[in-house]
Structure formats: C-alpha cells, structure tokens
S.K.: 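Sharing a structure with you now.
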Number of protein chains: 2
Amino acid sequence: MKAKDDNQRRSGEAAVEVTEGERPTLKTIAFMAGLGVTTVSRALKDAPEIGQATKNRVQLIAKQIGYRPNRAGVRLRTGKTNVISLVLNAQSSIMGLTSNMVYGISEVLSQTPYHLTVTPYSLENDPMQPIRYIVETGSADGIIMSRTEPDDPRVRYLTEHGIPFATHGRTEMGIEHPFHDFDNEAFAYLSVKSLLARGRRKIAMLAGPSPAVTYYRHLDRGFSRSIEEGGAVGVTFSGIDVDTSLGRIRDRMEEIMTGPNRPDGIVCCSGGAAIALVAGIEAAGLKIGEDVDLVSKQSTDVLKWFRPQIIVFNEDVRHAGRELARAVLRRIAGVDARELQSLSYPDEHELR
Amino acid sequence: MKAKDDNQRRSGEAAVEVTEGERPTLKTIAFMAGLGVTTVSRALKDAPEIGQATKNRVQLIAKQIGYRPNRAGVRLRTGKTNVISLVLNAQSSIMGLTSNMVYGISEVLSQTPYHLTVTPYSLENDPMQPIRYIVETGSADGIIMSRTEPDDPRVRYLTEHGIPFATHGRTEMGIEHPFHDFDNEAFAYLSVKSLLARGRRKIAMLAGPSPAVTYYRHLDRGFSRSIEEGGAVGVTFSGIDVDTSLGRIRDRMEEIMTGPNRPDGIVCCSGGAAIALVAGIEAAGLKIGEDVDLVSKQSTDVLKWFRPQIIVFNEDVRHAGRELARAVLRRIAGVDARELQSLSYPDEHELR
DNA sequence: TGAAACATTCGAAACGATACAGAATGCTTT
DNA sequence: AAAGCATTCTGTATCGTTTCGAATGTTTCA
C-alpha cells in the first residue's frame with residue numbers, strides 16, 4: 001500500500017514553497033495552517049463540517065496572504081466559469097447604448113466574482129451563432145442580450161439548454177424568462193399625447209429597427225392607441241427605420257418634409273436618429289418647435305442641447321444594464337424567472 | 001501494485017462515452033482514433049514527432065465531432081488564459097469612444113481564440129487597482145488601456161511584470177511599449193492653422209482631461225507651435241476640461257463668451273464637449289461660423305449635423321481598437337514592442 | 001548480427017480546485 | 001466496556017490539458 005514512491009511523493013509535497021513571488025493556492029494555506037487542502041477549501045466556503053476555530057484561522061491566513069481562488073481550477077472542476085457574456089451587435093447606431101450598458105453591467109459585476117466578456121456579432125451574421133458558441137463551449141454562466149424578438153430563437157435555445165440569461169426587451173413566446181425593458185408602448189403613447197397637446201394633428205414615428213424586434217411592436221401599439229384616442233392622423237415613414245444610416249435618414253426626411261403631406265409632429269426612439277431627422281427637417285427649410293414638433297427618446301443627454309425645442313425623454317440604459325446584470329445573477333442563483341422581469345416607465349413629466 | 005481498485009478504475013476509463021450530448025475532449029478523440037491522448041494533443045497542434053497520416057486522421061475526427069479545446073484545461077495547465085482585457089474608466093464622456101473601441105477590438109479578436117473582457121474602474125479609484133488585479137490573478141494574457149499618462153505607473157508595473165499590453169496614447173518614460181495614438185499635436189496644429197486661415201486671431205482650446213494625461217501635452221504643444229507660427233494669441237480656458245460635465249462646460253463657456261476678451265476661434269478635442277461648447281456659445285448670443293469658429297475632433301459623426309459650421313475631424317476609434325488589439329496579440333507572440341507603435345494622422349483636407 | 005539511431009506512440013504526473021468516502025477523535029448510550 | 005454517534009478532519013480521484021520520460025517498433029550502420 002504505502003510504497004516507497006508514496007513516501008517520495010509525500011516528501012516532495014512537503015516542500016511547499018511559501019515564497020512571496022508565487023501565487024498562493026489552497027496548498028499554500030494548507031501548509032501554513034498545518035491542514036489538508038480539503039479542509040482549507042471547505043473552511044473558506046464556510047462549510048458546516050469545519051470547526052469554527054479552524055475556519056477563523058484559515059480565513060485569516062487566506063486574507064493575510066491575499067489568497068484568491070484560481071479561476072481555471074474552479075472552472076475545470078465545477079464547470080462554473082464566473083463569466084457573464086454580453087452579446088451585442090456591433091453596429092447598433094443607438095448612441096451611447098453599448099457603453100452605458102457595459103458600464104451598468106460591470107457596476108454590478110464588480111461587486112461579485114463575475115467577469116464580463118463581450119461577444120459581438122454583426123447584423124449580417126446569424127444572431128444565433130454567438131449564442132451557440134457560448135453554450136457549446138460552456139464559456140459563460142449567464143448571458144445578457146438585446147434586440148429581443150417576439151419569437152426569439154435565442155430565447156428558445158437558451159431555455160431548452162437551461163442556460164441563465166436576461167434580455168433587454170421582451171418576447172411574446174409564452175416562455176417566462178428574465179428581462180428588463182423600457183416601456184416603449186407608454187413612451188409612444190405619451191409622446192403622441194404631448195404632441196397632440198401642442199396642437200399637432202398629423203403625427204409620424206421613426207420606427208424601431210424592424211418589425212422583427214419586439215419593441216417596434218410596442219412603439220406601434222402605443223402610437224396607434226394614442227393617435228386613435230386623439231382622433232389624429234398617424235403617418236408611417238417608409239424606407240427608413242432606426243437602423244438606417246444617419247445619412248439616409250436625413251435625406252429621406254428632407255424628401256418627406258418637402259413632400260405633399262408632411263407630418264407636423266414626429267416621435268423618434270433614438271437620439272442619434274433624432275439628430276439626422278432634425279438635419280433633414282431643417283434642410284427642408286422647416287423649424288423645430290414651429291412648423292413641426294419632435295419628441296425623442298435619448299440614452300445620452302446631448303439632444304436637448306442640440307435643439308432645445310426637442311422634447312426629450314431619457315432612457316437610463318446604465319440602469320438597464322444594472323437591472324439585467326442583477327437579473328442574470330439571481331437567475332443563476334435559482335430565482336424564478338418571473339421574479340426577474342422589470343420595466344422602466346417613462347416619466348410623464350419629462351414629456352410635457 | 002495493481003490492486004483491484006486499479007482494475008476498476010481502468011474499466012471505468014474504458015467506458016468512454018461518445019454520446020452526442022457530452023462535449024468531446026481529447027479523450028473522446030483518442031478513443032475514436034485508437035490513440036493516446038498525448039498523441040492526439042500533439043497531432044492537433046501539428047507537432048513534428050507525429051506521423052502525417054496520424055495527424056490527418058486525428059484532425060479529421062476533431063473537425064467532424066466539432067472538438068474545441070477546453071479553455072479551463074488549457075488555462076490550468078499552461079497558464080494561458082486566451083483573454084484580452086480592456087481596462088477603461090467608466091465615466092469617460094467622450095462620445096462613442098468606448099463602444100467603438102470595443103467593436104474594433106472584438107473585430108480583431110473574433111478571428112482568434114481570444115475573448116475580450118471589460119474591466120472598468122471609476123476615476124475616483126486608483127487606476128492601478130484593476131491592473132494589479134489582473135496581474136495578481138493572472139486573468140488575462142494581455143491588456144489594453146487608455147488615458148495614458150506621461151509617467152504612467154501602470155506601464156511601469158506591467159513592464160516590470162512582463163505582461164503584454166498596449167496603450168491608447170503614449171508615455172514619456174523611455175520605456176518602449178506597444179501603443180496606438182492619434183497625433184493630437186498635429187491635430188491641434190492643423191486646427192489652429194485652419195482657424196488662422198479663416199482670419200481668426202484669438203484662439204482657445206478646450207484641453208484634454210488633465211495635464212496628467214499625455215495627449216493633453218501633445219495638444220498643447222501643437223497648439224502653441226501653431227499659435228506662435230501664426231503670430232496669433234492663444235487663450236486657455238480655465239476651470240473646464242474634457243472631463244468636466246457637459247452642463248458645467250456649457251455654463252462656463254457662456255461666461256467666457258460674454259466676458260471681456262472672448263476668443264474668436266476654438267479648438268475642441270471631443271465631440272460631446274463640442275456640443276456643450278456650442279450650447280454655451282449660442283447662449284452668449286453668438287453664432288458659430290460668424291462670431292467664432294469651432295474646430296473639433298469627433299469619434300462619432302453627429303457633430304457636423306449638429307451645426308454644419310463646425311469644422312470637424314474624425315478620429316476613427318474603431319480603427320484604434322483594431323490596431324491596439326493587433327498590437328497586444330503580436331506582443332504576446334513575442335514581437336518587439338518598437339514594431340508595435342502606430343499613429344493615426346489627421347488628414348489635413350478634413351480641416352479646411 | 002548487434003548496436004545505435006530514429007520515428008512514433010504512450011503512460012503518468014502535474015496545474016488548482018472540489019466531491020466523495022473514509023477515518024480519527026471524543027462523547028454518549030446501553 | 002463495547003457500541004453508536006457526532007464532530008472534525010484527511011486522502012484520493014477527478015475535471016481536460018500539456019509535458020516529461022520512457023517504451024515500442026523500424027531503420028541504419030558498422
């Protein structure tokens with residue numbers, strides 16, 4: 001049983017180096033405390049089968065020598081990556097969205113052992129591709145993603161595979177999953193109302209990216225409802241949406257505003273696009289606040305300074321990032337998905 | 001020696017599951033090819049001591065079953081993380097900088113086995129803190145960071161520890177390290193020149209974040225040189241810089257432009273700040289292009305539409321991200337730091 | 001023919017962590 | 001006094017990979 005090579009190994013083991021240069025491991029602590037690594041491992045995670053005195057001693061040593069668990073070791077053994085992956089498309093023109101989202105998420109993660117990795121994809125590629133990659137290689141414990149669609153294959157896939165995730169935006173698939181969303185229906189509804197209050201009667205909206213993305217529908221719903229209630233006329237812009245290049249938005253806008261039945265009120269759901277709209281409106285020789293009123297959502301606060309006449313509503317994307325991060329983390333911790341769904345509401349006062 | 005439990009273990013080992021559900025490992029391939037894992041490992045990395053026929057066979061199987069090395073395994077064994085960490089401060093007001101940087105970097109990394117993680121810190125905290133964390137925990141193979149200072153402790157620390165990194169911006173420490181920088185000196189120089197060409201004589205600049213950051217000095221150098229050559233008057237804004245909140249920049253600007261000796265030409269190094277400047281200028285009752293001319297660098301293209309009279313120069317941050325990513329990767333591969341230093345030059349034509 | 005050289009392949013050990021099944025120890029119970 | 005039971009600790013196997021040293025078989029050379 002205890003052959004000589006066993007002894008040799010032991011003597012090799014005894015030569016634990018406690019040199020300052022090397023990074024401490026459980027073995028280091030075990031050696032210093034005169035305990036086995038198993039005990040140390042458990043003591044550090046407050047396991048019930050370890051004596052209180054031992055726990056204290058081990059935890060003190062760990063703190064003193066600045067022990068931090070080796071992530072590769074944990075990951076290899078347990079499969080837990082301690083990584084949250086933010087999947088986003090790399091050409092979103094929504095100004096300030098990406099950075100604020102990143103900041104919001106990392107604000108939350110920095111209080112935890114989790115790291116944030118960014119996995120981008122381009123709109124030309126299959127949005128499923130990065131998702132599949134993450135799942136197949138097990139490279140994250142949780143996923144945050146945006147551009148959520150009513151019937152989103154990513155949501156279906158991740159749910160089937162039991163991977164925790166949270167979406168920015170909602171689905172309409174009857175699958176309960178964590179999300180955070182801005183109430184775009186209320187935004188569109190209130191926006192139109194505030195235009196009506198200014199006497200505007202012919203109102204248009206620059207729509208969300210494409211009907212494929214859910215919030216497009218919410219905007220549309222709120223818009224139509226408000227138009228109907230107000231007995232106004234709703235116009236749809238053809239040929240442009242929030243994903244269109246700003247240059248094309250500007251040009252198309254000029255066309256529309258010089259055309260026969262131009263709107264006198266406009267709702268826009270992105271600050272960047274709003275700037276292009278304004279450029280187009282002014283190129284047509286019209287004045288914001290006089291010939292036409294513009295309400296826009298913005299995620300960065302330059303719009304109001306751009307043209308003080310624009311009615312703006314601030315969407316706090318950083319807050320969304322925080323909410324989403326918290327949601328995935330709690331989902332990972334086993335919290336029911338239905339408890340991890342939240343909405344941000346537009347503040348009616350901002351839209352007056 | 002070969003006790004009964006030894007046999008049990010072996011028989012357990014023989015039952016390599018090639019079920020579809022589980023992720024394939026080297027063992028899976030080894031079993032399928034009737035080889036040892038060692039051979040498979042080597043065959044996959046084209047080691048010279050493996051026969052060509054074997055290599056082909058192994059690589060074919062690997063491709064067929066979609067084998068991807070387990071990152072935790074590799075990382076634990078070799079210490080290689082396959083991670084590049086982008087360290088950035090989480091309140092940079094430079095519009096579009098963060099997102100474009102992230103996109104540029106991931107564009108390059110997506111062609112490699114590297115992942116991108118984002119490690120933010122707030123300006124109130126010690127910028128060394130995230131760097132130390134990464135080095136101490138060995139959580140990245142390379143680092144990309146910005147807000148580079150002339151005498152940057154992070155550069156010193158990373159160089160001493162032999163961790164590959166690339167900076168956005170230069171140092172002045174006599175340490176050769178990879179960087180990518182925009183030639184801010186040329187930008188300031190040309191900006192002033194273009195203002196002079198418009199007949200402006202009293203020129204001010206909204207400075208970089210603080211003299212602590214290197215590009216502040218470059219801007220200053222180019223500015224002074226150009227002012228001197230043109231025999232003009234240079235004014236320094238006091239109390240505001242590019243890090244100041246946009247609201248304060250606006251207010252201070254209004255003050256300055258209604259004051260006794262207001263400038264008639266302004267150089268600004270950030271698009272976001274430029275918008276605040278414009279707001280202040282207009283609040284003072286002045287018109288851009290008439291009473292005063294404004295040249296600004298921008299990393300997102302809204303400025304020109306904001307006020308067509310602004311003279312803009314586009315800094316391609318996405319390109320910077322690509323350059324930085326390539327630089328760290330090549331540095332990791334052992335390329336000499338001096339070969340990994342690049343500059344982007346402002347195009348004189350843009351500033352006319 | 002035997003030894004040396006080479007070409008291939010392999011087993012075992014290691015990286016750092018956790019899970020599992022024991023094993024000492026002291027205390028109660030019968 | 002023996003058995004039972006908590007309490008507290010330990011050794012060993014394991015995750016997937018790479019690397020070291022060695023083993024196998026095949027050529028080559030004297």
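In what follows, every chain begins at residue 1, and chains take the letters A, B, ... in the order their sequences are listed. Everything numeric in this text was worked out from a predicted model, so none of it was measured.
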S.K.: Tell me if the CZ atom of R330(A) is crowded by more than 12 foreign heavy atoms within 6.0 Å.
M.R.: no
S.K.: For I50(A), does its backbone N or O pair with a side-chain atom of R42(A) as donor and acceptor, under 3.5 Å?
M.R.: no
S.K.: Just checking H168(A) against F179(A), ring centres under 6.0 Å apart?
M.R.: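 Not under 6.0 Å, so no.
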S.K.: Rounded to whole angstrom units, what separation is found between the CD1 atom of I29(B) and the C1' atom of dT17(D)?
M.R.: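 To the nearest whole Å, that distance equals 12 Å.
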S.K.: End-to-end bend of the helix from dT1(C)-dA30(D) to dT30(C)-dA1(D) (five-pair axes, 10° rounding)?
M.R.: 70°
S.K.: Please report the distance, rounded to the nearest Å, between CZ in R23(A) and C1' in dA17(C).
M.R.: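 Taking atom C1' of dA17(C) as the reference, CZ of R23(A) is at 11 Å.
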S.K.: For G73(B) and for S41(A), find the nucleotide of DNA chain C with the closest heavy atom, then tell me which residue's nucleotide is more 5'.
M.R.: G73(B)
S.K.: So, S99(A) and S99(B): side-chain donor and acceptor under 3.5 Å apart, yes or no?
M.R.: no
S.K.: Can you measure from CZ (R338(B)) to CD (E176(B)) and round to the nearest 0.5 angstrom?
M.R.: 5.5 Å
S.K.: Quick one: which protein N/O atoms are closer than 3.5 Å to N/O atoms of nucleotides 4-10 of chain C? Pair and distance per line, please.
M.R.:
{"residue": "dT9(C)", "atom": "OP1", "partner": "T54(B)", "partner atom": "OG1", "Å": "2.9"}
{"residue": "dT9(C)", "atom": "OP2", "partner": "G51(B)", "partner atom": "N", "Å": "3.3"}
{"residue": "dT9(C)", "atom": "OP2", "partner": "T54(B)", "partner atom": "OG1", "Å": "3.1"}
{"residue": "dC10(C)", "atom": "OP2", "partner": "G36(B)", "partner atom": "N", "Å": "2.7"}
{"residue": "dC10(C)", "atom": "OP2", "partner": "T39(B)", "partner atom": "OG1", "Å": "2.6"}
{"residue": "dC10(C)", "atom": "N4", "partner": "R42(B)", "partner atom": "NH1", "Å": "2.7"}

S.K.: For a quick check, tell me whether the side chain of R77(A) and the base of dT18(C) share a donor-acceptor pair closer than 3.5 Å.
M.R.: yes
S.K.: Nearest whole angstrom, please: distance from the P of dC15(D) to the CZ of R68(B).
M.R.: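 Rounded to the whole Å, the gap is 22 Å.
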S.K.: Could you go step by step and tell me if F165(B) and V155(B) meet the side chain to side chain contact (heavy atoms under 4.5 Å, CB included) rule?
M.R.: CA-CA 8 Å; F165(B) 67 96; V155(B) 168; 3.8 Å; yes
S.K.: Going by an N to O cut-off under 4.0 Å, is there a salt bridge joining R154(B) and E149(B)?
M.R.: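 Salt bridge flag = no for E149(B) with R154(B).
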S.K.: Could you go through nucleotides 23-28 of chain D and list every protein N or O atom that sits under 3.5 Å from one of its N or O atoms, giving the distance for each pair?
M.R.:
none

S.K.: Distance check needed: dA17(C) P versus N82(A) CG, whole Å only.
M.R.: 13 Å
S.K.: Between R331(B) and D336(B), is there a side-chain N and carboxylate O pair less than 4.0 Å apart?
M.R.: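 No, R331(B) and D336(B) are not salt-bridged.
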S.K.: Could you tell me if S342(A) and H180(A) have a donor-acceptor pair between their side chains, going purely by distance under 3.5 Å?
M.R.: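 Their side chains do contain a donor-acceptor pair, which is all the 3.5 Å distance test asks for.
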S.K.: If you measure only the distance, is there a donor-acceptor pair under 3.5 Å linking the side chains of D152(B) and T171(B)?
M.R.: no
S.K.: Return the value, rounded to whole Å, for the distance between atom CZ of R57(A) and atom P of dT8(D).
M.R.: 14 Å
S.K.: With a 3.5 Å distance limit and no angle check, can you tell me whether S106(B) reaches the backbone of V102(B) through a side-chain donor-acceptor pair?
M.R.: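 Yes; at least one donor-acceptor contact below 3.5 Å.
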S.K.: Given dT17(D), dC15(D), dT18(D), which nucleotide is nearest the side-chain atoms of K27(B)?
M.R.: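 Taking heavy atoms from C-beta onward, the closest nucleotide is dC15(D).
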S.K.: Using atom CG of L76(A) as one end and atom P of dT17(D) as the other, report the distance to the nearest whole Å.
M.R.: 9 Å
S.K.: R75(A) CZ to dA17(C) P: how many Å, rounded?
M.R.: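 The distance from CZ of R75(A) to P of dA17(C) comes to 15 Å, rounded to the nearest Å.
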S.K.: Atom CG of L26(A) to atom P of dC9(D): distance rounded to whole Å?
M.R.: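 The distance from CG of L26(A) to P of dC9(D) comes to 16 Å, rounded to the nearest Å.
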